[in-house]
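What follows is a set of notes on a single structure, which appears directly below.
Residue numbers start from 1 in every chain, and the chains themselves are labelled A, B, ... in the order their sequence lines are given, proteins ahead of strands.
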Protein chains: 2
Amino acid sequence: MGADERVTERSQPARAYDRAVPQDRQVTIITVAERAGVSKTTASDALRGSGRVSEETRRLVVGVAEELGYVPNDSARHLRRARTGAIGLHLPEVLPRSDYYMSFVFGAVQAAADHGYDVTLLTSGTGVAPSRSPRVDGLVLGDPLADDPVVDKLMGSALPTVTCERYSGPGEPDGVVWSDHGAALQTLLGHLSDAGARRPALIVPGDESDWAASVHRAYREWCGQRGVALITRSVPFDANADATSAAARSLLTDEPQLDALVAAPTSAAATLLPVIREAGRRVGEDLLLASCVDAPALRFADPAITAIDVRPREAGAACAELLFELLTGSAVPGVERIHPIELNVRESTQRRRAA
Amino acid sequence: MGADERVTERSQPARAYDRAVPQDRQVTIITVAERAGVSKTTASDALRGSGRVSEETRRLVVGVAEELGYVPNDSARHLRRARTGAIGLHLPEVLPRSDYYMSFVFGAVQAAADHGYDVTLLTSGTGVAPSRSPRVDGLVLGDPLADDPVVDKLMGSALPTVTCERYSGPGEPDGVVWSDHGAALQTLLGHLSDAGARRPALIVPGDESDWAASVHRAYREWCGQRGVALITRSVPFDANADATSAAARSLLTDEPQLDALVAAPTSAAATLLPVIREAGRRVGEDLLLASCVDAPALRFADPAITAIDVRPREAGAACAELLFELLTGSAVPGVERIHPIELNVRESTQRRRAA
DNA sequence: GCATTTACCTAAAACGTTTAGGCAAATTAG
DNA sequence: CTAATTTGCCTAAACGTTTTAGGTAAATGC
């Protein structure tokens, strides 16, 4: 810390913030009440539309509040109401998926803001220590991994919880938002089949995430039904380009009859292009290529890569929405909601003739 | 919303959370005090190490608190102390940079957690409406863009603020964490020059971010000093692979004597490989390629691409740290801190002989 | 032996809300 | 015209902390 530090001259004299004296006395509901000549109860009622207040006084109070720039103190409000006004969001810290998670986060933040809620990020070490009270009213868990101890603890808390994708560990969330990745994969496999693929292979993470498990299961089912051989390679959930490439290389070497490749990990497909070229195969000619999770890198790859659009921003928003409905009682615990996803067909699976 | 919804049977009867009756009376500091046979002042002092309490009573109180599973109510604490216990974090919602921002966020969250603080995400529309009190004690602004209205508002708030990279809009942050991207670029240019490059080109965003402005300035200076021709293309700050590729294509077509290409936008370099190949050039042979911001995609590209490691996780942590020092008064407003970055040299800039 | 310090502890007052309950005046019902 | 209700407002009591201002013994200084 502070290896290289400098201080610039400032127009204002430096002042420490912790002892900063409020320049003007904070304007509270009492200030408003006094100025409007009513009691604080009436002021509170007038501002929040509760209780019984004549339209005339209500307008007066609102006017004064506006003029004074009154903003209610959340700590006081939350203390009184036993609420925190924030929801907690947990995501696995998996960098190769940051495209997906970043969109997810912004979706959740957006939805929360619409309801006047804040979003607090939880990672290992935050808000889970028993010595700290969870400063949130509910939890959203994105891609809860079965073997993540933090997820475990969070699921064990008494807070209302919504997961994105099912949780296969102990405990049940109060709400689940999930997408039918299995069906989507089967649609994709059908599409590959229509394009002439007979031997599709799958690169997929292990079953610690419900998403990967569904994809894997759907692949086995689809192949089983048509008597097609299973050709898969397993990679870690947080597989980087290196691991995925290695899996692809192994597939291309060991399975020469391979004619389609589906990579599950986010945007992995794009990093596979060089590997495929190296192996002497041509995407869109003698090898079809697709991904289970769409990403910008896939849309702009050359050739553009077919992928399933899992609409992460909307998923994040849907999770937050569901949590709010649980909090207000307009949804009952145990609810599941399906988040629609769709296949984006691109060049990489349109079979062209070899040039 | 709720297009497809189902409710699963649950072992527990459904209960709405908003009216949930606390099963056991919340254990407060009063409970602890009573059980320990002391006043709540003493209990508070014993638990927080303030005031004068005999070691004996302190141990007693701590024991009781632990046994009862007491966790202090943050709303009450914050109300009393006029603090919120959270810091706000604003980032531009720029998807092509999600690798960088995700690391940045986790770094900040980690540092905040170490200090017992939460991190609340701010986006356009959150916490900025005048009708809402900012529920944070301070702000961290990552890559504040000069033309972002939300950043503008946040800078205008009275809260202590730290930016990552300088802010060129109105108002001064209380602290700045910045990296010497200019010097790093010049190191990179020197390295390219050593490897034989005579005509390095630069793809860089406009000057709305201080980062891009520094990079651009350093390039002009370096070229100016050596009498090397300026060859640049400008792209948007949130340039996706498409825009960057177009810029690269234009460079490769219009500037045939080009022998090195530096792409500023995060991981853009990786998506340039196909474009370069298409243009009939070979990376590492007749064209060197490098990026101003490292990313996983660059390390695993083929060939691996030289890049400047800006260490985003550490940068996020450093910003949060500095903010806490400002909050406690151990740093004075106006402070600047340099965050070290370094060049990762990889294959793409090691000139090989044409095969 | 009296005044003073020290060590430990307590009572009470904030902090800014919301809410339960109450009391007049105004309105309606009978 | 009286009784019951409704309306409009207010008082007071929470919510769970931290902090301020003591208060009582024992220990110390002179």
Side-chain angles (χ1 to χ4, degrees), chain A residues 18-22 24-62 64-65 68-85 116 131-135 137, chain B residues 18-22 24-61 64-65 68-85 116 132-135 137:
Chain A
D18 60 338
R19 293 290 165 225
V21 186
D24 301 313
R25 190 92 192 122
Q26 158 104 342
V27 30
T28 115
I29 202 168
I30 301 189
T31 330
V32 175
E34 280 172 357
R35 188 86 145 236
V38 299
S39 75
K40 44 178 191 169
T41 304
T42 307
S44 173
D45 284 341
L47 289 173
R48 297 180 314 120
S50 58
R52 288 182 308 222
V53 181
S54 73
E55 185 54 27
E56 192 183 5
T57 9
R58 203 192 67 79
R59 260 201 285 270
L60 170 65
V61 172
V62 168
V64 170
L68 260 49
Y70 166 73
V71 348
N73 179 316
D74 276 313
S75 296
R77 175 174 290 184
H78 296 322
L79 170 58
R80 181 62 232 237
R81 289 194 167 163
R83 299 265 185 92
T84 72
S131 62
R132 286 249 345 253
S133 119
R135 269 193 281 242
D137 297 329
Chain B
D18 61 338
R19 294 290 165 226
V21 186
D24 300 312
R25 189 93 193 119
Q26 159 104 342
V27 31
T28 111
I29 202 168
I30 301 188
T31 329
V32 175
E34 279 172 357
R35 188 85 147 237
V38 299
S39 74
K40 46 179 190 168
T41 305
T42 306
S44 173
D45 283 343
L47 290 173
R48 298 180 312 120
S50 59
R52 285 186 308 219
V53 180
S54 72
E55 185 55 26
E56 193 184 4
T57 13
R58 203 192 67 80
R59 260 202 285 269
L60 170 66
V61 172
V64 170
L68 260 48
Y70 165 74
V71 345
N73 178 315
D74 276 314
S75 296
R77 174 175 291 184
H78 295 322
L79 171 58
R80 181 61 235 235
R81 289 193 167 165
R83 297 268 185 90
T84 71
R132 288 245 347 252
S133 116
R135 270 195 279 242
D137 297 329

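Across every non-hydrogen atom of B:Ser50 and B:Asp45, the tightest pair is OG-OD1, 2.9 Å. Listed here is the closest heavy atom pair of B:Ile29 and B:Tyr70: N-CE1, 3.4 Å. Residues B:Ala36 and B:Val61 come closest through the heavy atom pair CB-CG2, 4.2 Å. Nearest heavy-atom pair across A:Ala43 and A:Val38 is N-CG2, 4.1 Å. When every heavy atom of B:Asp137 is checked against every heavy atom of B:Gly85, the shortest pair comes out as OD2-N, 2.8 Å.
Here D:dG16 presents its P atom at 18 Å from CZ of A:Arg77, a figure rounded to the nearest Å. A straight line from CD of A:Glu56 to C1' of D:dT7 spans 14 Å, rounded to a whole angstrom. In this entry the distance linking CG of B:Asp74 with P of D:dT18 reads 10 Å, nearest Å. Between the CZ atom of A:Arg81 and the P atom of C:dT18 there is a distance of 6 Å, given to the nearest Å. Residue B:Arg83 contributes atom CZ, which lies 18 Å from atom C1' of C:dG16 at whole-angstrom precision. Here D:dT18 presents its C1' atom at 13 Å from NE2 of B:His78, a figure rounded to the nearest Å. Atom pair B:Ile29:CD1 and C:dA14:P shows a separation of 20 Å (rounding to whole Å applied). One can place CD1 of A:Ile30 at 13 Å from C1' of D:dT11, the figure rounded to the nearest angstrom.
Axis angle between the ends of the helix from C:dG1-D:dC30 to C:dG30-D:dC1, five pairs each and rounded to 10 degrees, works out to 40°.
Atom CG in A:Leu47 sits 10.5 Å away from atom OG1 in A:Thr42 (nearest 0.5 Å). Within the model, atoms OG1 of B:Thr28 and NZ of B:Lys40 stand 8.0 Å from one another, a figure rounded to the nearest 0.5 Å. To the nearest 0.5 Å, atoms CD1 (B:Ile30) and OG (B:Ser44) are separated by 11.5 Å.
With a 4.5 Å cut-off on side-chain heavy atoms, B:Arg77 and B:Asn73 do not count as touching.
Checking the phosphate oxygens (OP1, OP2) of D:dG16, no side-chain nitrogen or oxygen of B:Ser75 falls inside 4.0 Å.
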Item checked: Per-nucleotide protein contact string for nucleotides 7-13 of chain C, where B marks a base within reach and S marks sugar-phosphate only (heavy atoms under 4.0 Å, - for neither) -> BBBBBBB
